[in-house]
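Structure first, then comments.
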Amino acid sequence: QGCVFMFTINIIPIFTLFFIATPLKLGSFFGYLAIFAAVAALFNARMSDRIKKRASFFYIFAILNSLSFIPLVLSKSIAGWQIFSGISNFAFGLANPFNLAMILDHNEHDIMDVMLGRQVYSGLGSIFIILFLLGTYYITSSLQTALIWSALVPLSYPAVAYCQRLYLKK
């Protein structure tokens with residue numbers, strides 16, 4: 001979760017500066033992303049309340065969110081970056097509520113301890129993705145290659161959840 005969060009909230013906005021340099025265009029871009037997040041939240045609330053199967057939503061949206069980073073980092077134009085950033089932000093908005101719900105659904109301990117542990121592991125994931133990005137850049141001397149390899153890391157999140165049998169036990 002920390003890797004996905006760091007990629008969506010920090011890495012994408014930083015790399016957006018390679019495409020957009022003026023404050024007005026940057027503000028417009030983030031407004032555009034906010035619209036996608038709002039639409040995702042409305043869609044997600046309606047669909048998940050109607051179907052009531054969190055497992056399906058968790059795995060589908062976690063995989064979609066992870067896969068959305070790949071075309072984003074392959075974008076070479078401002079139009080491609082904007083399109084795939086919007087898709088990535090929409091996918092993050094779809095997946096994010098289920099990340100928290102998964103933690104709460106599988107909580108067998110005090111909620112304060114669980115949330116503290118979640119924050120610690122999320123912070124470690126954030127640190128990991130930054131170090132991985134920097135390490136890959138140091139080895140390859142290519143920002144594009146470092147981004148591509150870093151975009152593949154979030155795919156491990158739904159895979160690890162599946163291997164831990166999360167949402168498959170209940």
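Fair warning: this is a prediction, and the values are worked out from it, not measured in the lab. Values below: every heavy atom of this structure, side chains too, minus hydrogens, waters and symmetry copies.
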Quick one: does [X]'s side chain have a donor or acceptor within less than 3.5 Å of a partner on [Y]'s backbone?
| X | Y | value |
| --- | --- | --- |
| Q144 | V73 | yes |
| S88 | S68 | no |
| T145 | S141 | no |

Hey, what do you get for [atom1] ([X]) to [atom2] ([Y]), rounding to the nearest 0.5 Å?
| X | Y | atom1 | atom2 | result |
| --- | --- | --- | --- | --- |
| I130 | F7 | CD1 | CZ | 9.5 Å |
| L152 | I70 | CG | CD1 | 5.0 Å |
| I129 | T136 | CD1 | OG1 | 8.5 Å |
| S142 | I148 | OG | CD1 | 7.0 Å |

Output field: ring centroids Y121/F128 closer than 6.0 Å
no
Closest approach of [X] and [Y], non-hydrogen atoms and distance?
| X | Y | answer |
| --- | --- | --- |
| F58 | A161 | CE2-CB, 3.6 Å |
| F98 | F57 | CZ-CB, 3.4 Å |
| S66 | L155 | CB-CD2, 3.5 Å |
| P154 | P158 | O-CD, 3.4 Å |
| A146 | T140 | N-OG1, 4.4 Å |

Any side-chain donor near an acceptor of the partner, Y157 and N65, under 3.5 Å:
no
Members sharing L131's hydrophobic cluster, built from side-chain contacts under 4.5 Å between Ile, Leu, Val, Met, Phe, Trp and Tyr, are I127
With ILVMFWY side chains joined below 4.5 Å, transitively, what does L24's cluster contain besides itself?
none
Is [X] linked to [Y] within one hydrophobic cluster, defined over Ile, Leu, Val, Met, Phe, Trp and Tyr using a side-chain heavy-atom separation of less than 4.5 Å?
| X | Y | value |
| --- | --- | --- |
| I139 | F132 | no |
| V114 | L116 | no |
| M6 | L124 | no |

Find out whether N89 and F30 are in side-chain contact, i.e. whether some heavy atom of one side chain is under 4.5 Å from a heavy atom of the other.
no
Do S85 and F29 come within less than 4.5 Å of each other through their side chains, counting heavy atoms only?
yes
Apply side-chain contact (heavy atoms from CB on, under 4.5 Å) to V4 and F69, showing your working.
CA-CA 9 Å; V4 171; F69 296 131; 4.3 Å; yes
Would you check, one step at a time, whether the test side-chain contact (heavy atoms from CB on, under 4.5 Å) holds for L33 with F90?
CA-CA 8 Å; L33 292 183; F90 183 75; over 6 Å; no
List the steps, then state whether side-chain contact (heavy atoms from CB on, under 4.5 Å) holds for Y137 with L134.
CA-CA 5 Å; Y137 176 71; L134 293 173; 5.6 Å; no
Output side-chain donor-acceptor pairs under 3.5 Å for residues 10-22, partner residues at least two apart or in another chain, one line each.
| residue | atom | partner | partner atom | Å |
| --- | --- | --- | --- | --- |
| T16 | OG1 | I12 | O | 2.7 |
| T16 | OG1 | W81 | NE1 | 2.9 |
| T22 | OG1 | K25 | N | 3.4 |

So does F5 have more than 12 non-hydrogen atoms from other groups sitting under 6.0 Å from CZ?
no
Show the numbers, then the answer: is there a side-chain contact (heavy atoms from CB on, under 4.5 Å) between F84 and L74?
CA-CA 9 Å; F84 293 117; L74 295 173; over 6 Å; no
